[in-house]
Amino acid sequence: MDRNAKVAVTLGDPAGVGPEVIVKALATLPREERRDFIIVGNVEALERADRVSGTGLKFGSPDADDDRIAVDEVALGAPLPEIGKVSPVAGDASVRYITRAVDLAMSGEANVIVTAPINKEAMNLAGHHHDGHTGLLAHLTGSKSSFMLLASERLNTIHVSTHISLKGAIERAKTERVLATIEAGHRHFLRLGRNPRIAVAGLNPHCGENGLFGTEDMEFLAPAVEQAQAKGIDVVGPISADTVFARAYNGAFDLVIAQYHDQGHIPIKLVAFETAVNVSLGLPIDRVSVDHGTAFDIAGTGKANHVNMLSAIAYARLMARSPRQKA
């Protein structure tokens, strides 16, 4: 990785497993590589995680001659919240961390953001009414919209909609949005050096069976595919959702366009529960996240698995090495 490149890692909800998976993941890296990272959060929370994880790391504002991991300290205005509990203090802290990391990325001080998990209930209790990282990041960067890509070794899926009701997801699956999702996924894979084979998953059972089970696939999805093909994108569909993910997993496609949250999340979490990562596309900054929650039930026990954080870090490094493509 470029020695001048920086990965900003947000602490997530400080009452969850975020601090633990961060310290465990960074502890596996060679000491010189840790200098590529800056944690946005609180030294106190990291030291608490270090004690239960036994990593032996040191945190602070390192110079070139010591081995402390850099921390961009974010003031909480309250005591560090209790581990494993939903609280507005923790929810507010998680938003403060993300806001600061976005500032670092927008200013060029960080090349990519890696986010640890947040708790939507805690965030909303603190008065931050967003659907999660994706909506918050779009708001903070002034972006009209963003797209959620779930990436793994053998299956990748990008979503037309994510954290809205199923009824709302059906209403959102219109030609313009489906086409924009195809284009976002296409640009991302080109950036990483691949011309992707893309499949669009159908919305209705069997893509509606020519109108027997709904007409949305014919009215909205098929025209989006045709328009994308006219732009030179290698895309087919709509293809029935009960087969397209298996076909992609077995090598037929590099990327599947999922029409709503569960349609894309269920297959990814079935085949790559510990290694899949969440990537935000369509933003002026780069962001990668773990694809798991705050796990309050095991937070503070030292049992949290850091494999997913390592996957997120690896993907973030890949993006940091790849120049952004203009939309």
* To do: Say whether D72 and Y97, considering side chains only, have a donor N or O and an acceptor N or O under 3.5 Å apart.
  => no

* To do: Evaluate salt bridge (charged side-chain N to carboxylate O under 4.0 Å, His left out) for R177 paired with E171, printing each intermediate quantity in order.
  => CA-CA 11 Å; R177 177 68 181 181; E171 294 171 349; over 6 Å; no

* Asked: Partners of H206 by ring pair (Phe, Tyr, Trp, His ring centres under 6.0 Å), sequence neighbours excluded?
  -> none

* Asked: Is it true that a side-chain atom of H265 and a backbone atom of H261 form a donor plus acceptor pair closer than 3.5 Å?
  -> yes

* Over all atoms of both residues, closest heavy-atom pair of A15 and A299 -> O-CB, 3.5 Å

* Do N308 side-chain atoms and E274 backbone N/O form a donor-acceptor pair below 3.5 Å? -> yes

* Asked: Is any side-chain heavy atom of V95 closer than 4.5 Å to a side-chain heavy atom of M123?
  -> yes

* Asked: Are the side chain of R197 and the backbone N or O of D234 linked by a donor-acceptor pair below 3.5 Å?
  -> no

* To do: Keeping the roles fixed (side chain from D50, backbone from L57), state whether a donor-acceptor pair exists under 3.5 Å.
  => yes

* Asked: Got a donor-acceptor contact below 3.5 angstrom from the K24 side chain to the A49 backbone?
  -> no

* Can you find a pair of side-chain heavy atoms, one from V114 and one from M309, that are under 4.5 Å apart? -> yes

* **Backbone of G300 reached by a side-chain donor or acceptor of E20 within 3.5 Å** => yes

* Below 4.5 Å, heavy atoms only, C-beta onward: do I198 and I257 meet side chain to side chain? -> yes

* Structure fact -> Tightest non-hydrogen contact, residues H186 and N195, listed as CE1-OD1, 3.4 Å

* Asked: Just wondering, are more than 12 heavy atoms of other shown residues or ligands nearer than 6.0 Å to CD in E219?
  -> yes

* To do: State, with a plain yes or no, whether a side-chain heavy atom of I313 is found less than 4.5 Å away from one of L26.
  => yes

* Does the side chain of N111 come within less than 4.5 Å of V7's, by heavy atoms? -> no

* **Approximate separation, where rounding is to 0.5 Å, of I113 CD1 and I38 CD1** => 11.5 Å

* Backbone N/O of V40 and side chain of T10: donor-acceptor pair under 3.5 Å -> no

* Asked: Are V71 and V112 connected in a single hydrophobic cluster, I mean Ile/Leu/Val/Met/Phe/Trp/Tyr linked by side-chain heavy atoms less than 4.5 Å apart?
  -> yes

* Asked: Please walk me through it: do R287 and S280 pass side chain to side chain donor-acceptor pair (under 3.5 Å)?
  -> CA-CA 6 Å; R287 174 260 181 172; S280 294; 2.8 Å; yes

* Side-chain donor or acceptor of R100 paired with backbone N/O of V74 under 3.5 Å -> no

* **Reported OG-to-NZ distance for the pair S152 and K269, which is rounded to 0.5 angstrom** => 12.5 Å

* Working to the nearest 0.5 Å, report the span between OH of Y260 and OG of S165. => 12.5 Å

* Between the main-chain N or O of V43 and the side-chain N or O of E73, is there a donor-acceptor pair closer than 3.5 Å? -> yes

* Asked: Is Q229 atom CD crowded by more than 12 heavy atoms from other residues, nucleotides or ligands, each under 6.0 Å away?
  -> yes

* **Within 6.0 angstrom of E44 CD, more than 12 heavy atoms from elsewhere** => no

* Structure fact -> When rounded to the nearest 0.5 Å, the distance separating CG of L192 from CG of D254 is 11.0 Å

* Rounded distance (nearest 0.5 Å) linking atom OG1 of T55 with atom CD1 of I69 -> 7.5 Å

* Asked: Are any of the side-chain heavy atoms of F253 and V236 separated by less than 4.5 Å?
  -> yes

* Asked: Say you draw a straight line from OG1 of T275 to OH of Y315; how long is it, rounded to the nearest 0.5 Å?
  -> 12.5 Å

* Looking only at non-hydrogen atoms, find the nearest pair between P196 and F189 and report the distance. => CG-CB, 3.5 Å

* Asked: Going only through I, L, V, M, F, W and Y residues with side-chain contacts under 4.5 Å, is there a path from L281 to L150?
  -> no

* Asked: Quick one: do the T141 and S143 side chains pair a donor with an acceptor below 3.5 Å?
  -> yes

* State whether a side-chain donor-acceptor pair under 3.5 Å links N119 with D13. => no

* Mark yes or no: R154 above the aromatic ring of Y249, with NZ or CZ under 6.0 Å from the six-membered ring centre and no more than 45 degrees from the axis. => yes

* If you draw a 6.0 Å radius around CG in N210, do more than 12 non-hydrogen atoms from other residues or ligands fall strictly inside? -> no

* Report yes or no: do V256 and I158 belong to one cluster of Ile/Leu/Val/Met/Phe/Trp/Tyr joined by side chain heavy-atom distances under 4.5 Å? => no

* Taking C-beta and beyond as the side chain, do K174 and V160 meet within less than 4.5 Å on heavy atoms? -> no

* **D217 side-chain N/O to P238 backbone N/O, donor-acceptor pair under 3.5 Å** => no

* **Beyond-backbone contact of Q263 with T157, side-chain heavy atoms, under 4.5 angstrom** => no

